[in-house]
Amino acid sequence: MPRNFDYADAEPRLYAWWERKGWFKPEVAGSNAEPFVVSMPPPNVTGSLHLGHALFGALEDLMVRYERMRGKAALWLPGTDHAGIATQLQVENMLREEGSSREEVGYEEFLHRTWQWKEEHGGTITRQLRRLGASCDWDRERFTLDDGLSTAVTQAFLTLWEQGLIYRGPRLVNWSPGLQTAVSDLEVESTEEEATLYYFKYPLGDGGHIPVATTRPETILGDTALAVNPADARYAGSIGKSAFVPILRREIPVIGDDSVDMAFGTGALKVTPAHDFNDYEIGQRHKLALVNVLNKDASMNANAGKYAGMDRYDCRDRLWRDMEAAGLAIKTEAYTTRIPRSQRGGEVVEPMMSTQWYVRIQPLAEKAMAAVRRGDIKIVPERYEKVYFHWLENIQDWCISRQLWWGHRIPAWYRDKDGDPEGEIHVGRNPPLGGGWVMEEDVLDTWFSSGLWPFSTLGWPSESGDLERYYPTQVMETGHDILFFWVARMIMMGLWFTDKPPFHTVYLHGLVRDRHGKKFSKSLGNVIDPLTIVDKLGADPLRFTLITSGTPGNDVNLDERRVDHTFRFINKVWQITSFINMNLEGDLELGLPPVEELDLPARWILSRLHRLIANVQHLFDIYQFGEAGSQILAFMWDEFAPYYLEISKHFMYSGTEDEKIATQRVLVAVQDSCLRMLHPFMPFMTEEAWRYIPHDGEALIIADWPNANTTLIDDEIEARMNLLLELVRELRNTRGEYKVDPGKRIKALAKAGAAAKDMAAHDYVFRRLCNVEELQLLAAEDPTPTNAASIVVSDVTLYLPLEGMLDIEAERGRLEGEASRLTQQIAKTQKMLGNDNFLSKAPEAVVQRERDRLADLESAHKQVTERLSSLPR
RNA sequence: GGGCGAUUAGCUCAAUUGGUUAGAGCGUCCGGUUUACACCCGGGAGGUUAUAAGUUCGAGUCUUAUAUCGCCCA
């Protein structure tokens, strides 16, 4: 067995082997196996792996490998998303670098170039996921623009249309001037920014004026009313009068509306229904005209009069100067307000009138809420259910059309009628017979196709074998940042089209941040490339660290020091395997010898192991994977390796043949279970290590998940062994305090009550673990050794004759400290046990534990004080 | 404005039906070439669990308020 785990060699070799063997495919479990299906959240096809991908990769692979080992037909279905805007932007950037543009090359050529780009870069992310060890069924890989998925998208669209749930019409939308497309509410991010609030006079027809404030003066040109609160004594008298749009001198009414905030600005509101969502509402209520003053590129249009053709911000400055000149300007002041920006380009989004396609989402949302309310779908962590409900309760119709070229084209056709090129509309896969029909140029929001992902990838709408066998899926694991974008829409669309919840559990993870909780950003220079870590340390350390660094729903602060630590843990597990491997000879019977034949340390480690297995099982059941991983690590590093392995050497080197074999079987059994449990966390090292211990089966990836054998969990055994180990730790500690050369073998004497038998029978524990040459048991009536340091644990006193080294004063100090610590604890415990409420209300087991503890403490205290009084003055 | 989360050792994090002495890693200090491992081993120091009240026999854990930071929604 190699001295160290060579991940660079093993990772590609093992991955290729697993894949070649077909072990990533659900069919390996047989046709009767219960399915366990996870749809991979499809990354952007042209993206490359970042830590967010690494986190979902680690978590999903963990779940899938775990369920595979539990005998399920585990299917992790991978794929990529065409990511409309993101991909189109990348290709546009490429064209720009060539000195060209999408308009210049034209629609056909642009799509051609984009597909080309996809072919060139599309494999990157999936190759990188493989490096992490992702056990996906790559034969089932899907892409949102595949023929099959496009069919599903069209089907979904047509169904909604036929049900009257899709409509097209002019509405106020969030318009992204740079991208030249509408975007949905979710794609707009508002941030607080420093802006200017402009105060000016709104002239009235009667020669007076009302002062008004705005942050966007250029929209004045599109005002169609002036609104005041009817309860506002200052202005109520003006309701019904006319006002005149500054500079343009267009006549508009002064209206009264309750929604006007009297306390904001001047208390009067200019109403621009075509460029503001609130104003649009007011406009609807008062049947106001809509005056659009912007072109699609956010320059001013003809309605802006002499400002036509100017950029929106140039117009803002110019108009304000003109108003100053006209004596209409009052003042400006600095003002912090929320500026809506495009999630993609970062440019300021303008509310603008535009004709778009919408989904009437209410009926779908109702079903989606009901499913979670009924518990058909559970969200982990649960608190996100509230967030989910809040969003769905206030949901707005979904604008699904995008003015992009890269995406699923909306299956609609137009024909000229009475000079209107869109006079006739037909929705369907194909145009109606007869000429003159032109296909809709808009494409669908990327999330429309993503919303179908759990079933479109399985062949829907065809009721094929995969859909029937693997749908609904089980767990949807993804980031909480796309709960609305994606998860809610999958639930809505899944329920609507398949009448089944697309999954029973949503597991949400957080963002991966740097170790100080900062977002990764190129400008901060704190970006960590997961592949750099994989190159340097292997995939296993990164996976284990990501999983154990956080809890569900919370952000993960990745500390690279933890990755290093995990790397060392992996080495530790390898070394344990290596130790076992080199201490075996010949064929070893698998499984455990009868428990009665086993010694205390063996029964102890088996009890600890099975307790661990039970804990890990429970933690997996409640999706606490991080804690599960940490517990396995703690067991191996703090119990198995330092104690049992060391103790086993006694039997290996000086035991009888039977003892030796029994010990070997225990070692192998424990390590085997640990490797199995660790496999989903760190598949590569565990698979490789497993080959070096006797095992049953072809590969760990398809081995059975361990079951806890509760008959092996034994409190009494653990308590007996704990006493010995506690003595060991105290002995080591005392040796340290007296600066006894660690290599020096010393003698120990013990007065042990009930534990005497265990100590005598397991004196090798002390020889192995704390270099005790000889352990001599004294009878109660024997004189206590003088000139010896003493150690008290429970009812055992150990004496270490340290001829010449013992400092009586130091020893007295040590014992006095010990006595006072014990006194305090005794007092605390007595107080607890003296409380009738505690005795009557606490569970019996807790009370009993305190009683036992008190007995131990009192016994120890008695011995310490005796010892103190026997020290020479 | 509404909602959610976080606040635990110098730093990064655990601690899930409330129950012994609140645990790890890194760092730090002391000591070690023990035949699995120096990618290691043994030992130590370091905590009023943000603050204040409350519920409880018992609170890091439950309740309320406050503070700070972060996120989501309007």
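Quick note on labels: first sequence line is chain A, next is B, and so on, each numbered from 1.
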Between A/Glu585 and A/Lys660, is the closest basic N to carboxylate O distance under 4.0 Å?
yes
Between A/Glu844 and A/Arg851, is there a side-chain N and carboxylate O pair less than 4.0 Å apart?
yes
Which of these nucleotides, B/C26, B/G43, B/U12, is closest to any side-chain atom of A/Arg732?
B/G43
Looking across every strand, which nucleic acid part, if any, lies under 4.0 Å from A/Leu645 by heavy atom: base, sugar-phosphate, or nothing?
base
Reading 5' to 3' and counting Watson-Crick or G-U wobble pairs with both distances under 3.5 Å, write the dot-bracket notation for RNA chain B, | for bases paired outside the strand.
(((((((..((((.....[...)))).(((((.......))))).....(((((..]....)))))))))))).
Take the protein atom CG of A/Asn581 and the nucleotide atom C1' of B/U35, then report the distance between them rounded to whole Å.
15 Å
To the side chain of A/Arg561, which of B/G42, B/C11, B/C57 is closest?
B/C11
So what does A/Ser630 touch, heavy atoms closer than 4.0 Å: a base, only the sugar-phosphate, or nothing?
nothing
Considering every strand and a 4.0 Å limit on heavy-atom distances, what is the contact class for A/Ser840: base, sugar-phosphate, or nothing?
nothing
Inspect the contact between A/Glu393 and A/Arg373 and indicate whether a charged nitrogen and a carboxylate oxygen are less than 4.0 angstrom apart.
yes
I'd like to know if A/Glu646 reaches the base of B/A36 with its side chain such that a donor and an acceptor end up less than 3.5 angstrom apart.
yes
For B/U48 versus B/G60, give the span between their P atoms, rounded off to a whole number of Å.
13 Å
Taking atom P in both B/U20 and B/U49, what distance in whole Å separates the two?
15 Å
State whether A/Asp638 and A/Arg608 are salt-bridged, where the test is any N-O pair (Lys NZ or Arg NE/NH1/NH2 against Asp/Glu carboxylate O) under 4.0 Å.
no
Any idea which of B/C57, B/C40, B/A38 is nearest the A/Arg3 side chain?
B/A38
Quick check against the 3.5 Å criterion: does A/Ser654 have a side-chain atom that pairs as donor or acceptor with the backbone of A/Phe651?
no
With side chain to side chain contact (heavy atoms under 4.5 Å, CB included) as the test, would you mind laying out the steps for A/Phe569 and A/Leu678 before giving the verdict?
CA-CA 11 Å; A/Phe569 172 54; A/Leu678 280 177; 4.1 Å; yes
Those residues of residues 387-396 of chain A lying under 4.0 Å from RNA chain B by at least one heavy atom
A/His390
More than 12 non-hydrogen atoms from neighbouring residues, nucleotides or ligands closer than 6.0 Å to CD on A/Gln848, yes or no?
yes
Side-chain atoms of A/Glu627 come closest, of B/U20, B/C37, B/A14, to B/A14
Going by atom types alone, do A/Asn554 and A/Thr551 pair a side-chain donor with an acceptor below 3.5 Å?
yes
Basic-acidic side-chain contact under 4.0 Å: A/Glu774, A/Arg767
no
Which atom pairs link the protein and nucleotides 60-62 of chain B when you take only N or O atoms and keep those under 3.5 Å?
none

Considering just the side-chain nitrogens and oxygens of A/Arg568, establish if one lies under 4.0 Å of OP1 or OP2 belonging to B/C37.
no
Could you give the CE-to-P distance, from A/Met832 to B/G19, as a whole number of Å?
12 Å
Using a heavy-atom cut-off of under 4.0 Å over every strand shown, decide if A/Ala641 touches base, sugar-phosphate, or nothing.
base
Look at all strands and tell whether A/Phe569 reaches a base, only sugar-phosphate, or nothing, counting heavy atoms closer than 4.0 Å.
nothing
Describe the nucleic acid contact of A/Lys386 in one word from base, sugar-phosphate, nothing, applying a heavy-atom distance below 4.0 Å.
sugar-phosphate
For a quick check, tell me whether the side chain of A/Lys572 and the base of B/C37 share a donor-acceptor pair closer than 3.5 Å.
yes
Test your reading of the model: is there a side-chain donor-acceptor pair from A/Asn583 to the backbone of A/Phe579, 3.5 Å cut-off?
yes
Hey, does A/Lys831 reach any base, or is it just sugar-phosphate, or nothing, if we go heavy atoms under 4.0 Å?
nothing
Less than 4.0 Å between a side-chain N and a carboxylate O, is that true for A/Arg216 and A/Asp276?
yes
N-O pairing of A/Arg814 and A/Glu818 below 4.0 Å
no
